[in-house]
Amino acid sequence: MKLPAGLAVGVCSHTGLVRGANEDDYLLATPPGEDPAFIAAVADGMGGVAGGAEASRTALRALGTTLLDASAVAVVQERMRTGFHAANASVFESAAAVPALRDMGTTMTALWLDAAGGVFGHIGDSRLYRLRGDTCTALTTDHAVKEGESLLTRCIGGGQVECDADDAQVAVEAGDRFILCTDGVWNVVPAEDFAEIVAGSDAQETAEQLIKCALDAGGPDNATAVIVDVLDPTLMGSSEVDLPRHERPDARSLWPAAVSLRPPVWSWLVLLGAIALLVYSAMRWFDILSE
């Protein structure tokens with residue numbers, strides 16, 4: 001994809017070791033035009049609700065369409081706000097069309113960067129951090145009853161006609177690192193490990209190490225991390241870069257083996273075999289006695 005020359009980006013997403021499907025999704029995009037800019041966003045479909053993956057995908061698509069359309073709203077922060085409302089409307093309409101999906105919803109956290117600075121939008125409990133020097137600061141506030149419990153007080157969709165998302169401008173300096181991640185990362189990776197990993201040098205390696213750490217901790221949830229490094233805040237033109245197209249890198253030895261939630265079949269086969277042997281033995285015993 002095309003990437004402003006002043007940025008470096010890394011991304012990694014994984015289903016985890018417990019969930020059967022990945023309801024997380026992410027968006028990376030460069031708006032058309034002469035002025036370089038970049039969009040990064042993550043979304044976490046509501047766990048346990050049918051259509052979580054559909055909700056996150058639908059929300060990101062609607063947000064991206066709005067942010068990429070400069071003719072709709074000129075001011076980026078207003079466009080971000082409009083994008084979140086468009087995302088909610090799209091998810092609500094999709095849910096209304098399929099009764100089984102009527103409660104589907106998603107979190108969403110998005111970041112826009114250009115030469116003038118940054119703007120973020122946020123709803124739910126995915127997070128945006130900024131690492132500046134040795135200090136890593138959470139720029140978003142979780143919309144949840146209690147931190148880490150995923151009981152959301154605000155989200156995209158979830159049967160709601162409107163959404164109440166946060167949005168704000170953010171200062172950007174050369175050397176800043178922005179981390180967007182779902183709760184399968186920040187709620188699973190210990191705070192000390194998180195701070196150490198995000199201080200790494202390479203953006204892609206940092207994203208992969210965050211996900212690996214989440215898996216090493218049991219991988220109880222889908223986990224997605226996007227790393228955006230600001231090398232030059234003026235962004236300066238664009239260049240082509242290759243980002244991972246798979247859910248995880250091809251070096252499979254890096255990842256723990258997934259754990260199946262299905263009970264093992266062999267135990268039932270052993271039980272059935274034992275019962276058959278007992279029945280056969282009983283029948284033989286009665287044949288001997290009858291003789």
Side-chain angles (χ1 to χ4, degrees), residues 1-13 26-42 60 63-81 83 108-122 126-140 166-181 185-186 194-211 224-245 249:
M1 67 169 292
K2 286 188 176 295
L3 182 71
L7 301 179
V9 176
V11 59
C12 193
S13 183
Y26 62 88
L27 169 70
L28 303 174
T30 301
E34 297 181 359
D35 298 328
F38 184 68
I39 302 163
V42 296
L60 287 173
L63 173 71
T65 299
T66 304
L67 290 178
L68 292 171
D69 184 8
S71 63
V73 181
V75 179
V76 174
Q77 189 169 351
E78 292 181 8
R79 202 186 313 168
M80 180 72 75
R81 195 173 303 141
M108 190 161 67
T109 300
L111 175 67
W112 169 289
L113 294 174
D114 60 25
V119 172
F120 71 83
H122 164 72
S126 295
R127 289 184 176 180
L128 170 65
Y129 295 85
R130 180 181 61 196
L131 177 68
R132 176 172 288 176
D134 297 328
T135 303
C136 187
T137 305
L139 300 180
T140 54
D166 298 336
D167 58 79
Q169 297 181 1
V170 57
V172 179
E173 297 180 359
D176 283 350
R177 164 169 284 180
F178 293 93
I179 304 102
L180 298 92
C181 59
V185 176
W186 67 259
F194 185 93
E196 181 179 350
I197 292 171
V198 299
S201 57
D202 181 75
Q204 181 58 38
E205 181 180 344
T206 298
E208 293 178 9
Q209 286 300 316
L210 281 174
I211 304 308
T224 300
V226 175
I227 308 296
V228 183
D229 288 343
V230 180
L231 309 177
D232 184 339
T234 63
L235 301 188
M236 294 173 45
S238 64
S239 60
E240 288 283 349
V241 296
D242 291 326
L243 293 173
R245 296 179 181 273

- Would you find a donor on one side and an acceptor on the other, under 3.5 Å apart, between the side chain of D229 and the backbone of L231? no
- Query: Are the side chains of Y129 and V198 in touch, meaning some heavy atoms are under 4.5 Å apart?
  - Reply: no
- Message: What verdict does the side-chain contact (heavy atoms from CB on, under 4.5 Å) test give for L111 and V170, after you've listed the backbone C-alpha separation in whole Å, the side-chain angles of each residue and the deciding distance to 0.1 Å?
- Response: CA-CA 9 Å; L111 175 67; V170 57; 4.3 Å; yes
- Task: Kindly write out the residues that satisfy salt bridge (charged side-chain N to carboxylate O under 4.0 Å, His left out) with R81, not counting sequence neighbours, or none if the list is empty.
- Result: D167
- Task: Answer yes or no: are there more than 12 heavy-atom neighbours, outside D35 itself, under 6.0 Å from its atom CG?
- Result: no
- Message: Donor-acceptor check, side chain of Q204 to backbone of V11, threshold 3.5 angstrom: yes or no?
- Response: yes
- Rounded to the nearest 0.5 Å, how far apart are CG of L28 and CG of L3? 8.5 Å
- Closest approach of P233 to A174 (non-hydrogen atoms, all atoms of both residues): CD-CB, 3.6 Å
- Query: What's the verdict on side-chain contact (heavy atoms from CB on, under 4.5 Å) for L7 and V230, showing C-alpha distance, side-chain angles and the deciding distance?
  - Reply: CA-CA 5 Å; L7 301 179; V230 180; 4.1 Å; yes
- Query: So, does R127 use its side chain to make a donor-acceptor pair with the main chain of V185 at under 3.5 Å?
  - Reply: no
- Would you say the side chain of L180 lies within less than 4.5 Å of the side chain of Y26, judging by non-hydrogen atoms? no
- Task: Kindly indicate whether the side chain of P4, heavy atoms from C-beta on, has any atom under 4.5 Å from the side chain of T30.
- Result: yes
- Item | Partners passing side-chain hydrogen bond (donor to acceptor under 3.5 Å, both in side chains) against T224 (at least two apart in sequence or in another chain) | S13, D24
- Quick check: does any side chain N or O of R130 sit under 3.5 Å from a backbone N or O of A171, one acting as donor and the other as acceptor? yes
- Message: Would you compute the distance between atom CD of E205 and atom CG of L210 and round it to the nearest 0.5 angstrom?
- Response: 11.0 Å
- Query: Rounded to the nearest 0.5 Å, how far does SG of C136 lie from CZ of F194?
  - Reply: 5.0 Å
- By salt bridge (charged side-chain N to carboxylate O under 4.0 Å, His left out), E78 pairs with (sequence neighbours left out) none
- Message: Centroid separation under 6.0 Å, is that true for the rings of F120 and F178?
- Response: no
- Message: How close do L131 and A199 get, counting heavy atoms only, and between which atoms?
- Response: CD2-CA, 3.9 Å
- Task: Determine yes or no for a side-chain-to-main-chain donor-acceptor pair under 3.5 angstrom, with T140 supplying the side chain and L128 the backbone.
- Result: yes
- Message: I need the minimum non-hydrogen distance between A207 and A225, along with the two atoms involved.
- Response: CB-O, 4.0 Å
- Message: Do L67 and P31 have side chains that approach each other closer than 4.5 Å (heavy atoms only, starting at C-beta)?
- Response: no
- Could you check if a side-chain atom of R177 sits within less than 4.5 angstrom of a side-chain atom of T206, using non-hydrogen atoms only? yes
